[in-house]
**Q** 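Here it is, the structure, as structure tokens.
First the proteins, then the strands, lettered A, B, ... as listed; each starts at 1.
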Amino acid sequence: MSGSADPAPPQTGAPAGRIKKRRDFLRAAQRGKRAARPGLVLQALATEPGSLRLGFTVTKKVGNAVVRNRARRRMKEAARLALPGLGLSGWDLVLIGRDATGKRPFGQLIGDLRGALKQTGVLP
RNA sequence: UCAGACGGCCGGACGGCCGCUGGUUCGCGAGCGAUCGCGGGCUGGAGGAAAGUCCGGGCUCCACGGGACUACGGUGCCGGCCAAUGGCCGGCGGGGGCGACCCCAGGGAAAGUGCCACAGAGAACAGACCGCCGCGGCAUGCCGCGGCAAGGGUGAAACGGUGGGGUAAGAGCCCACCGCGCUUCCGGCAACGGCGGCGGCACGGCAAACCCCACCGGGAGCAAGGCCGAAUAGGGGCGGACGGCGAGGCGCGGCAACGCGUUGUCGCAGGGGCGGUCCCGCCCUUCCGCCCGGGUUGGCCGCGCGAAGCCCGCAGCGAUGCGGGUUCCAGAGGAAUGGCCGUCCAUGCCCGGCAACGGGCAUGACAGAACCCGGCUUACAGGCCGUCUGACGCU
RNA sequence: UGGGGGAUAGUUUAACGGUAAAACUCCCGACUCUGACUCGGGCAUUCUUGGUUCGAAUCCAGGUCCCCCAG
């Protein structure tokens, strides 16, 4: 990150890890704050400072394996482009795919994510 | 040209920037080290069905000691191919189509049981409703007796079909052809086919009804299985205590037979377990203390050179086999292919134009590897190639 | 991964291989001044595609969806 010519991010938050355990997904769903947008649903759970973890999930109701994979990949890409530089720390964020996740214009999908982050209080 | 049949193939192309994941290599840092972390370079990265999980194998563990019985499941014309199959190829038989060609779970109904609604006289050891014929009676159209099963009618199906002879009317009663059954001979590895002879109709249909016959099938699955790895249970070792019978071992005594002591080493008995059952066989089977060791979660291996792909040649009608050359081609683990953009391609719509064409917009089938392989089945926008059939037109 | 079961009117359930039945709901009509009750009538691609059979909701095979069990 140091030698890169990219514009330096204004604040550096914690490096994003991955939520992999079913237990963690359920905890975020039960106790986290929730925000729905046309392109995705966000569940945000405050954890100890210094950690930032992302989870992506799509239920079988959305479609077959191709559709679900595409929805998850687009959410990952949206998170990759939108999150760095925001100085996030101390959160478990779960992004849930919906029917529209696969075909919504990508700019609007990023907008959905930003809006959901504000609604859940992750961003001011 | 139109309509159609069959076989094979493709499954958008090229490029830029930012990312993901495997391999490899270089640099820096940490560590005695295996190695780990960060950064960079190079490079690989979904399918014809990756799908459904319907068959068959490889691989791994268990049972691998057999056998019998019964049960269960599957397959079902013949021959061949394959590692194997319920797959494929080639035949045979049956059915459909003018044809190319397509479809068929296609063994057994004279082993047995069962079913065949409604209609119809009668539905499976046949039977006579309307009828037909003869004789008799009389009120010429009915009745009685007898013969018949061709015609009508019912039905999905009516106990051979068509034609002729024959007869009172009829009937395989007789004859020819067809069908059916049995059979000599011939062809074929066989299924089966052909010629001839005989029989004279006896043998309805349904086994994707029960069933019979023949053949096949050990169980489980990569969450298999292995290695590294903390507590409990279980396991192993050592020590001690208890013991239904017998054998053996050890110690002591004795020349020896033997006696005494000790011992969970073996067998029997009792209890329990191992497959659906039985026989046989195998395994386990008291308590206390100490020590060793030690599930799951996590990490690593299994984990991709294979019945492999491609290109030729030979053998074969073909499935396929053999030989030569060449290539290395995904390995994740909440699970890698995404985002943005450009050019082209295909399709549709709109605008301009007589047209060639130009411009704009939209769309890009079905679908994502999870141990691997061979088949089957199912889904699929659009397109390409080849062979063949029918009809029409022209020469 | 392995195994088992199911799909019938809007709903819940029936139906030896022979006309798809019942209850409730809904719709129409009658009765009533009106409503309820009651009475009469109506409402089916038997999940789907093929096959066997004279005939299939039923038997067989392929497909779709749902449920259950074991790990």
**Q** May I ask which nucleotide in the shown strands pairs with B/rG338, Watson-Crick or G-U wobble, both distances under 3.5 Å?
**A**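 Check on B/rG338: paired to B/rC18, both distances under 3.5 Å.
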
**Q** Where does B/rC288 land, syn or anti, given syn is within 90° of 0?
**A**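 For B/rC288, whose glycosidic angle is more than 90° from 0, the conformation is anti.
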
**Q** Where the side chain of A/F106 is defined as all heavy atoms beyond and including C-beta, which of B/rA336, B/rC340, B/rG368 is the nearest nucleotide?
**A**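 So the side chain of A/F106 is nearest to B/rC340.
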
**Q** If B/rC132 has a Watson-Crick or G-U wobble mate with both distances under 3.5 Å, name it; if not, just say none.
**A**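 Its partner is B/rG147.
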
**Q** Looking only at heavy atoms, what is the nearest atom pair of A/R104 and A/G39, with distance?
**A**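 For A/R104 versus A/G39, the nearest heavy atoms are CD-CA, 3.6 Å.
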
**Q** Given atom CD of A/E77 and atom P of B/rU21, what is their separation to the nearest angstrom?
**A**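 For the pair A/E77 CD and B/rU21 P, the rounded distance is 13 Å.
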
**Q** Should A/V41 and A/L45 be regarded as members of a common hydrophobic cluster, given that ILVMFWY residues are connected when their side-chain heavy atoms come within less than 4.5 Å of each other, either directly or indirectly?
**A**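 Per the 4.5 Å side-chain linkage, A/V41 and A/L45 are not co-clustered.
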
**Q** Rounded to the Å, how far apart are A/I110 CD1 and B/rG19 C1'?
**A**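 Spelled out: CD1 on A/I110 to C1' on B/rG19 is 13 Å.
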
**Q** In whole Å, what separates the C1' atom of B/rG275 from that of B/rG66?
**A**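 It comes out at 14 Å once rounded to the nearest Å.
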
**Q** Can you tell me how far C1' in B/rU297 sits from the matching atom in B/rA369, rounded to whole Å?
**A**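 Comparing C1' positions in B/rU297 and B/rA369 gives a spacing of 28 Å.
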
**Q** Students often get this wrong, so: under 4.0 angstrom with heavy atoms, is A/N64 touching a base, only sugar-phosphate, or nothing?
**A**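 Sugar-phosphate contact only.
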
**Q** Do A/L93 and A/L52 have side-chain heavy atoms sitting under 4.5 Å apart?
**A**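 Of all side-chain heavy-atom pairs linking A/L52 with A/L93, at least one is under 4.5 Å.
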
**Q** Using heavy atoms to find the nearest nucleotide of RNA chain B for A/P105 and A/V67 separately, return the residue whose nucleotide is more 5′.
**A**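 Its nucleotide being nearer the 5' end, the pick is A/P105.
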
**Q** Does A/L95 reach the side chain of A/T101, with side-chain heavy atoms less than 4.5 Å apart?
**A**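 They are not in side-chain contact.
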
**Q** What is the distance from CZ of A/R73 to P of B/rG45, rounded to the nearest Å?
**A**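 Whole-Å distance recorded here is 16 Å.
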
**Q** Under a 3.5 Å limit for both distances, which nucleotide forms a Watson-Crick or G-U wobble pair with B/rC361, could you say?
**A**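 Result: B/rG348.
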
**Q** Applying the Watson-Crick and G-U wobble criteria at under 3.5 Å, what pairs with C/rC39? Answer none if nothing qualifies.
**A**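 Checking every strand shown, C/rC39 finds its partner in C/rG29, with both distances under 3.5 Å.
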
**Q** Classify the glycosidic conformation of B/rG304 as syn or anti, calling it syn when the angle lies within 90° of 0.
**A**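 Glycosidic conformation of B/rG304: syn.
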
**Q** So, A/F56 and B/rG334: ring centres less than 5.5 Å apart, planes less than 30° off, yes or no?
**A**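 Here the ring of A/F56 and the base of B/rG334 are not stacked, as the 5.5 Å and 30° limits are not both satisfied.
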
**Q** If I pick the C1' atom on B/rG334 and the same atom on B/rC328, what distance separates them, to the nearest angstrom?
**A**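 33 Å, rounded to whole Å.
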
**Q** With rounding to whole Å, what would you report as the distance between B/rU1 and B/rG324 at their C1' atoms?
**A**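 That atom pair is separated by 49 Å.
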
**Q** How close or far is atom C1' of B/rG334 from atom CD1 of A/I96, stated in whole angstroms?
**A**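 About 13 Å, once rounded to whole Å.
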
**Q** Is A/R74 near enough to B/rG339 that one of its side-chain N or O atoms lies under 4.0 angstrom from OP1 or OP2?
**A**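 A/R74 to B/rG339 OP1/OP2: side-chain N or O found under 4.0 Å.
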
**Q** In whole Å, I'd like the distance from the CD atom of A/Q108 to the P atom of B/rC340.
**A**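 It works out to 12 Å between those atoms.
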
**Q** If you compare all heavy atoms of A/P38 against all heavy atoms of A/D112, which two are closest, and at what distance to 0.1 Å?
**A**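 Smallest interatomic distance, heavy atoms only, reads CD-OD1, 3.8 Å.
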
**Q** Taking atom P in both B/rC88 and B/rC177, what distance in whole Å separates the two?
**A**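 About 46 Å, rounded to a whole number of Å.
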
**Q** So which nucleotide does B/rU387 pair with, by the Watson-Crick or G-U wobble rule with both distances under 3.5 Å?
**A**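 Pairing partner, where one exists within any strand: B/rA5.
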
**Q** To the nearest 0.5 angstrom, please state how far the CZ atom of A/R37 sits from the CG atom of A/L109.
**A**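 That separation rounds to 12.0 Å.
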
**Q** Mind calculating the distance between CG (A/N69) and P (B/rG339) to the nearest angstrom?
**A**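 Nearest whole value for this atom pair: 12 Å.
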
**Q** Checking one value: the base orientation of B/rC130, syn if chi is within 90 degrees of 0, otherwise anti.
**A**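 Glycosidic conformation of B/rC130: anti.
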
**Q** B/rC250 pairs with which nucleotide, Watson-Crick or G-U wobble, both distances below 3.5 Å?
**A**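 Pair assignment: B/rC250 / B/rG261.
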
**Q** Please classify the glycosidic conformation of B/rA100 as syn (within 90° of 0) or anti (everything else).
**A**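 Anti, since the glycosidic angle lies more than 90° from 0.
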
**Q** Let me know the distance between CD1 of A/I19 and P of B/rG333, rounded to the nearest Å.
**A**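 Those two atoms, CD1 and P, are 17 Å apart.
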
**Q** Return the value, rounded to whole Å, for the distance between atom CE of A/M75 and atom P of B/rU337.
**A**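 A/M75 atom CE is separated from B/rU337 atom P by 13 Å.
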
**Q** On RNA chain B, check which nucleotide each of A/A65 and A/T57 is closest to and give me the residue with the more 5' one.
**A**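 Checking each residue's closest nucleotide, the 5'-ward one belongs to A/T57.
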
**Q** Please determine, for the side chain of A/V66, which listed nucleotide (B/rA367, B/rG334, B/rG339) has the closest atom?
**A**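 Nucleotide nearest to A/V66's side chain: B/rA367.
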
**Q** Identify which nucleotide among B/rG338, B/rA336, B/rA369 has an atom closest to any side-chain atom of A/R72, counting heavy atoms from C-beta outward.
**A**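 Of the options given, the side chain of A/R72 lies nearest B/rA336.
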
**Q** What contact category does A/R80 fall into here, base, sugar-phosphate, or nothing, at under 4.0 angstrom with non-hydrogen atoms?
**A**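 Base contact - A/R80 has a heavy atom under 4.0 Å of at least one base atom.
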
**Q** With both distances under 3.5 angstrom, what nucleotide forms a Watson-Crick or G-U wobble pair with B/rU232?
**A**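 Base partner found: none.
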
**Q** Please state the C1' separation for the pair B/rA117 and C/rU19 - nearest whole angstrom.
**A**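 Comparing C1' positions in B/rA117 and C/rU19 gives a spacing of 11 Å.
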
**Q** Please measure how far the P atom in B/rG294 lies from the corresponding atom in B/rG289, and state the result in whole Å.
**A**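 Result for the P pair: 23 Å, nearest Å.
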
**Q** Apply the syn/anti split at 90° from 0 to B/rG141 and say which one it is.
**A**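 In terms of base orientation relative to the sugar, B/rG141 is anti.
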
**Q** In whole Å, measure the gap between the P atoms of B/rA346 and B/rG23 for me.
**A**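 Straight-line distance between the two P atoms is 43 Å.
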
**Q** Strictly by Watson-Crick or wobble contacts shorter than 3.5 Å, is anything paired with B/rG170, and which nucleotide is it?
**A**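 Its partner: none found.
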
**Q** Inspect the surroundings of CZ in A/R27 and state if more than 12 heavy atoms from other residues, nucleotides or ligands are less than 6.0 Å away.
**A**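 Above 12, so yes.
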
**Q** Identify the heavy atoms of A/V58 and A/A71 that sit nearest to each other, and give their distance.
**A**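 Nearest heavy atoms, A/V58 then A/A71: CG2-CB, 4.1 Å.
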
